[in-house]
2 protein chains.
Amino acid sequence: MPRRSYAQYCAAARALDAVGERWTLLIVRELLAGPRRYTDLHADLPGVSTDVLASRLKELEADGLVERRRPGRAANTHHYELTPRGRRLRPVLAALAAWGADDLGEPRPTDAVRSHWFALPLLRAVRRAAPQAAGTAEVRLPGGPFRLLLDPDDPDGPGYADGPAEDTADRPDAVLTLDDATAADLAAGRLTLGAATARERLTVDGTTPLAAALRAAG
Amino acid sequence: MPRRSYAQYCAAARALDAVGERWTLLIVRELLAGPRRYTDLHADLPGVSTDVLASRLKELEADGLVERRRPGRAANTHHYELTPRGRRLRPVLAALAAWGADDLGEPRPTDAVRSHWFALPLLRAVRRAAPQAAGTAEVRLPGGPFRLLLDPDDPDGPGYADGPAEDTADRPDAVLTLDDATAADLAAGRLTLGAATARERLTVDGTTPLAAALRAAG
DNA sequence: CGGCATCCGTGACGATACTG
DNA sequence: CAGTATCGTCACGGATGCCG
């Protein structure tokens with residue numbers, strides 16, 4: 001028996017058949033930052049029950065959006081990772097985040113917060129302020145760092161990734177340091193990159209063209 | 001008591017709090033084509049139960065995404081219509097439709113079909129083939145016509161509307177005539193606008209620059 | 001007739017406990 | 001660590017009824 005479907009010959013309805021169930025797109029959001037273990041997913045999706053998470057991951061795997069892989073040879077742990085088709089959902093998450101940012105407001109007392117949840121909005125804020133910026137920008141937030149992968153020629157490319165840039169081949173071209181409140185203001189559009197820099201709520205470090213461009217951005 | 005929320009300080013999660021429930025985004029899809037009565041919505045959303053439709057519409061109204069209005073003075077019927085904020089969800093539907101078109105395939109025997117469900121994919125196909133096209137293109141499908149509102153300067157503008165262009169002020173600059181199978185092939189990316197025209201599966205009528213541009217499109 | 005509200009059976013969801 | 005098992009609750013889908 002197939003999963004519950006809208007049974008409509010409509011591209012949007014088909015997409016919702018695949019990713020419209022509760023929690024599914026938030027799982028994709030987590031995996032957009034990079035491969036994750038089951039326990040990590042469970043920790044960064046507060047409120048999801050274990051059985052729902054397991055069943056969503058199975059559905060995503062059956063639909064070819066997620067792959068289960070064992071990272072090392074002898075490890076009995078494994079990672080969940082987006083397939084190319086799964087990664088193509090980033091524009092959907094980006095559109096949702098852009099719309100939702102309009103009245104994001106302040107965090108409510110009951111709201112969970114994770115640093116990488118700011119990645120999509122910050123990517124948008126940076127692109128808006130410096131449309132031609134290219135390279136890797138490491139974002140340092142109190143809760144942990146991530147990287148924005150800026151490529152003006154490929155707006156639907158990888159976009160961002162988790163963690164610091166440790167690999168020498170992937171050394172960041174610029175480092176942005178800010179706090180959660182500034183990230184929230186940037187995400188909600190209450191602040192532009194240039195204004196945040198001018199008010200010293202955000203610092204841009206680096207000697208590359210990207211760093212210069214981000215410092216000069218309005 | 002508020003509705004069930006993900007309780008995450010994340011723009012995408014907030015968006016899903018508002019429009020992530022079953023049927024909600026499909027209701028928005030219907031209203032993107034223009035105002036609708038309750039019964040019309042129910043007819044074009046096969047499978048939705050009456051109480052769910054009524055409750056979704058109330059939620060959308062409470063969230064400021066939909067307005068209830070009485071069209072005429074003495075009519076006891078009323079229309080549901082998107083607010084500006086509701087209309088800003090079109091990029092979300094467009095992203096979902098673009099992703100879902102990848103494996104839209106052929107209609108299944110159980111699939112419902114409505115002409116205006118092709119509007120978002122056709123808008124994308126036309127924009128891809130003729131990025132600079134501007135004006136109103138009436139699309140004539142066997143199930144009924146609708147209009148694509150092309151404005152290269154405002155990709156997130158109205159986009160499309162229901163029905164023929166009756167208003168003289170809104171007379172179409174071009175008329176596209178095709179059948180459902182051609183629309184499906186265009187939506188799924190199996191066919192480009194130019195190829196459809198070349199194979200005479202689609203005709204472009206009109207003497208305006210827009211009509212000429214659509215005929216010349218690759 | 002359009003616009004719901006009510007009732008009811010089923011399945012999805014959420015919390016907790018338990019297992020390989 | 002990575003799930004499965006169990007169970008109570010709630011949301012959903014279908015049918016029917018009410019009311020202007």
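Keep in mind it's a predicted model, so treat the numbers as computed, not measured. Only heavy atoms go into these numbers, but all of them, side chains included; no hydrogens, no water, no symmetry mates. Every chain is numbered from 1, with letters handed out A, B, ... down the list of sequences.
Salt bridge status for A/E21 with A/R3: present, with a side-chain N to carboxylate O gap under 4.0 Å.
Within the 4.0 Å cut-off from OP1 or OP2 of D/dT4, at least one side-chain nitrogen or oxygen of A/K58 is found. Residue B/H78 places at least one side-chain N or O closer than 4.0 Å to OP1 or OP2 of C/dC4. For D/dG13, neither phosphate oxygen OP1 nor OP2 lies less than 4.0 angstrom from any side-chain nitrogen or oxygen of A/Y6. Here A/R68 reaches the OP1 or OP2 of D/dG3: one of its side-chain N or O atoms lies under 4.0 Å away.
The side chain to side chain donor-acceptor pair (under 3.5 Å) search around B/D51 returns B/S49, not counting sequence neighbours. Considering only residues two or more places apart in sequence or on other chains, A/R90 meets the salt bridge (Lys or Arg N to Asp or Glu O under 4.0 Å) condition with none of them. Qualifying side chain to side chain donor-acceptor pair (under 3.5 Å) partners for B/D185, counting only residues two or more places apart in sequence or in other chains: B/R190, B/R201. Residues that satisfy the side chain to side chain contact (heavy atoms under 4.5 Å, CB included) test with B/A187, not counting sequence neighbours, are B/L104, B/F118, B/P121. With sequence neighbours excluded, the residues satisfying salt bridge (Lys or Arg N to Asp or Glu O under 4.0 Å) with A/R140 are A/E138. Under the salt bridge (Lys or Arg N to Asp or Glu O under 4.0 Å) criterion, A/D179 pairs with no residue at all, not counting sequence neighbours.
Proximity note for A/V52 (side chain, C-beta onward) versus D/dC12, C/dG14, C/dG3: the nearest is C/dG14.
B/R3 places its CZ atom 17 Å from the P atom of D/dC10, with the value rounded to the nearest Å. Taking atom CG of B/L53 as the reference point, atom C1' of D/dA15 lies 16 Å away to the nearest angstrom. Rounded to a whole Å, the CZ atom of B/R56 is 14 Å from the P atom of C/dA5.
Counting non-hydrogen atoms of other residues, nucleotides and ligands closer than 6.0 Å to CZ of A/R69 gives a total of 12 or fewer.
Rounded to 10 degrees, the angle between the two end axes of the helix from C/dC1-D/dG20 to C/dG20-D/dC1 is 30°, with five pairs used at each end.
Residue pairs meeting the salt bridge (Lys or Arg N to Asp or Glu O under 4.0 Å) criterion with at least one partner in residues 11-20 of chain A, sequence neighbours excluded, are A/R14-B/D111. A side-chain hydrogen bond (donor to acceptor under 3.5 Å, both in side chains) check over residues 148-157 of chain A, counting only residues at least two apart or in different chains, returns nothing. A ring-ring contact (aromatic ring centres under 6.0 Å, His included) check over residues 6-59 of chain A, counting only residues at least two apart or in different chains, returns the pairs A/Y6-B/W23, A/W23-B/Y6.
Looking at residues 27-51 of chain A, you'll see A/G47, A/S49, A/T50, A/D51 sit with a heavy atom under 4.0 Å from some atom of DNA chain C. Residues from residues 7-24 of chain B with heavy atoms under 4.0 angstrom of DNA chain D, sorted by number: B/R22, B/W23.
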